[in-house]
2 protein chains.
Amino acid sequence: MCFIGFRGHHGYAVDGLKQLPELEVSAISAGCADDLAPLQEKLKGVGRTPPVSNDWRKMLDEVKPEMVCIDGPFDLHAEMCVEAIKRGIHVFCEKPIALSLDDLERVRKEYGRTKGIHLSSMVGLRYDPAFMSAWKQVKKGAVGKVKLITTQKSYGLGKRPDFFKVRSTYGGTIPWVGSHSIDWAYWFSGSKFKSVYARHDNSDNFGLGDMEMSALFMFEMQNGILASGNIDYLRPKAAKTHGDDRVRVAGTDGVIEVIDRKVTLIDKTGERQIEAVADRQIFVDFVRHIQGKSKSLVDAEQTFDLTEACLLARESADTGKIINF
Amino acid sequence: MCFIGFRGHHGYAVDGLKQLPELEVSAISAGCADDLAPLQEKLKGVGRTPPVSNDWRKMLDEVKPEMVCIDGPFDLHAEMCVEAIKRGIHVFCEKPIALSLDDLERVRKEYGRTKGIHLSSMVGLRYDPAFMSAWKQVKKGAVGKVKLITTQKSYGLGKRPDFFKVRSTYGGTIPWVGSHSIDWAYWFSGSKFKSVYARHDNSDNFGLGDMEMSALFMFEMQNGILASGNIDYLRPKAAKTHGDDRVRVAGTDGVIEVIDRKVTLIDKTGERQIEAVADRQIFVDFVRHIQGKSKSLVDAEQTFDLTEACLLARESADTGKIINF
């Protein structure tokens, strides 16, 4: 495999490598001017010391990896996906995989032309023990027929690189932070999206340019489920954790909720905690799928649906209009 | 004072009477065919044994009370308000005070014609120790400039009278349950409403006719604050409480939240619990305002704004359109 860039959640792939001794890291490239030393350090920690390339396209041509972890500049995700797919390389890409609908369309088209490619974006929170356990409960009917899904992503702002300040290089808070919670709406509902309305706000943003500090979204799913989310970067530094991620799923027979990485189920027998366990790691899941050993929790179609939902939610927030899928 | 009906939160007035020995209950009327015995029983518990009238208009004419607690059939709130205002009687009315914009307009118009009337709807959760304490923290700047407000009302369905099954007598779940959380958006933001988008759903409603089991709303406030709410009747009977009411207010300097009637503030010094104390009772507050002893937390203008917001949110949910105020 190869790595291109390390601006986001490439750590999923690095961590996964511990469980994948059969997987060689053949080369890495920054995909931009970023200094590769921190990625080299991390890979060394998992026993890999790959050569470095300063031309990612050339690297793909020469190394001919089976798979690539794409985590370069956000605005190059789509381009890098297209180039990898073209070469028949499986893609594990940071979400969202495109910052515009045109770019998404380019990836989708290229993917449609190539057979046998596995493509997934880094929806890492599906693999979090609490969220995975809650999802399994919902799938096995613990809350009956799902009616209402509410989600939250609240982060500490921390120090953000300059590219976060510009829409064209950051993409916006709904695609970047909201992608997680929009994915929960999608994953827990088990349905495609029908319509979206969203708002976001970049006022009082501590001098961070275009960057939105808060946002709200509301989806109607094709199966009738209503799903909403609130997103913010307003969590104080002194909070006990960096993020305050939540999902609440209410159905005809009960309510299940994740808060503080704890899963609570209320049903006809009362209220109790559900053990939070993940049965797989996201990158290992990706590789096992390619190896034909198991079916991944996320595939290309889901990745395209999610990316489209993120971009249409952003468009709704930009224009103030309801958007139908 | 008089009572008309006891279908909702007249208990606020009954409870308040314990602190108001100077206030005589001169007469009561059901305002419909309801048997008055349960109200008589409650009033007896606070030392009042008023005569009964089977004609509420005649009662107002003959008794000429200074104030009236209106809690009759939901679809008669507006009519009862109008008749009381016409007679110069102060009004303490169940929310929402009208089930249609036309009815609201009638009350507003009559109110505009009469000087010196105090009118307020029963926004009882403003007087709940947890919510009042959180609000005071927000008002004194504990979270800085408010940016994002999220709210939840989740109830057990329980047994509902037949009039809940019909839109024209119930009004809808957004006005009935949502009025509380829409009031939080209004009260915590300190701003009038700018626009609303909402959805609601009466499928899988256990045979309850028109009654919506779940709803979502999203407001933009005139001061730019974004506010949302999720509402449902899906809380299982076995849950530890009937309702799961929540407010979360995120600002530039922190986040404050009410869950389980506990108030948690996170700011630059860390996370801590705030003591939940209410400094007044809702009906006592109403009476003290009339007596000129203090200023009530809620007035007629706020009551009209809130009622309009509830009805426009319902209209948005009915039509699927964004509505501007």
Side-chain angles (χ1 to χ4, degrees), chain A residues 143-150 152 154 195 197-201 203-206 213-220 224-241 244 246 248-255 257 259 265-271 316 320-322 324, chain B residues 143-150 152 154 195 197-201 203-206 213-220 224-241 244 246 248-255 257 259 265-271 316 320-322 324:
Chain A
V143 301
K145 187 172 171 188
V146 173
K147 304 303 292 179
L148 187 66
I149 300 171
T150 46
Q152 171 173 297
S154 173
S195 70
Y197 178 65
R199 305 301 298 153
H200 55 190
D201 181 3
S203 65
D204 302 303
N205 70 353
F206 309 95
M213 291 294 104
S214 58
L216 292 174
F217 65 75
M218 196 190 300
F219 285 97
E220 204 175 340
I225 291 173
L226 301 175
S228 72
N230 55 286
I231 306 165
D232 68 74
Y233 277 112
L234 299 169
R235 190 162 167 83
K237 206 186 299 184
K240 61 188 177 185
T241 55
D244 184 1
R246 305 182 188 179
R248 179 178 181 272
V249 180
T252 50
D253 296 335
V255 176
E257 186 162 33
I259 296 190
L265 173 66
I266 315 175
D267 61 14
K268 65 178 178 215
T269 67
E271 187 167 332
S316 172
K321 289 185 178 143
I322 301 158
N324 293 310
Chain B
V143 300
K145 186 171 171 188
V146 173
K147 303 304 292 178
L148 188 65
I149 300 172
T150 46
Q152 171 174 297
S154 173
S195 71
Y197 178 65
R199 304 302 298 155
H200 56 190
D201 181 2
S203 65
D204 302 303
N205 69 353
F206 309 95
M213 290 296 103
S214 59
L216 292 173
F217 65 75
M218 196 190 300
F219 286 97
E220 205 175 339
I225 291 173
L226 300 175
S228 71
N230 56 287
I231 305 165
D232 69 74
Y233 277 112
L234 300 168
R235 189 161 168 83
K237 207 186 299 185
K240 60 187 176 185
T241 54
D244 184 1
R246 305 181 187 180
R248 179 178 180 272
V249 180
T252 49
D253 295 336
V255 177
E257 186 161 32
I259 296 189
L265 173 66
I266 314 175
D267 61 14
K268 66 177 178 216
T269 67
E271 187 168 332
S316 172
K321 290 185 177 143
I322 301 158
N324 294 308

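So that the names make sense, note that chain A is the first sequence line, chain B the second, and so on, each numbered from 1. Note that these values count all heavy atoms, side chains included, but never hydrogens, waters or copies made by symmetry.
With a 4.5 Å cut-off on non-hydrogen atoms, B/Phe217 touches chain A through its backbone but not through its side chain. Looking at B/Ile231, the atoms closer than 4.5 Å to chain A (heavy atoms on both sides) all sit in the backbone: N, CA, C or O. Heavy atoms closer than 4.5 Å to chain A are found nowhere in B/Lys237, neither backbone nor side chain. With a 4.5 angstrom heavy-atom cutoff, B/Ser203 touches chain A via backbone and side-chain atoms both.
Between chain A and the residues B/His200, B/Met213, B/Lys321, B/Lys240, the most heavy-atom pairs under 4.5 angstrom are made by B/Lys240. Listed options A/Asn230, A/Ile266, A/Leu216 were ranked by heavy-atom pairs under 4.5 angstrom with chain B; first place goes to A/Leu216. Counting heavy-atom pairs closer than 4.5 Å to chain A, the top residue among B/Gly254, B/Gly251, B/Ala239 is B/Gly251. Among B/Ile259, B/Asp244, B/Leu226, B/Val255, the residue making the largest number of heavy-atom pairs under 4.5 Å with chain A is B/Leu226. Heavy-atom pairs under 4.5 Å with chain A peak, among B/Ala238, B/Ala227, B/Gly224, B/Pro236, at B/Pro236. Chosen from B/Arg199, B/Glu220, B/Lys145, the residue pairing most often with chain A at heavy-atom distances under 4.5 Å is B/Arg199.
Checked by atom type, the side-chain pair A/Asp204/B/Thr252 shows no donor-acceptor distance below 3.5 Å.
A donor-acceptor pair under 3.5 Å is formed between the side chain of B/Arg235 and the backbone N or O of B/Thr241. Between the A/Ser228 side chain and the A/Thr150 main chain, no donor and acceptor come within less than 3.5 Å of each other. A distance-only check finds no donor-acceptor pair linking the side chain of A/Glu257 to the backbone of A/Val249 [under 3.5 Å].
Pairing each heavy atom of B/Val146 with each of B/Ile225, the nearest pair is O-CG1, 3.3 Å.
A salt bridge is absent between B/Asp253 and B/Lys268: the closest approach of a Lys/Arg side-chain nitrogen to an acidic carboxylate oxygen does not fall below 4.0 angstrom.
Distance OG/B/Ser195 to CZ/B/Phe219: 8.5 Å, rounded to 0.5 Å.
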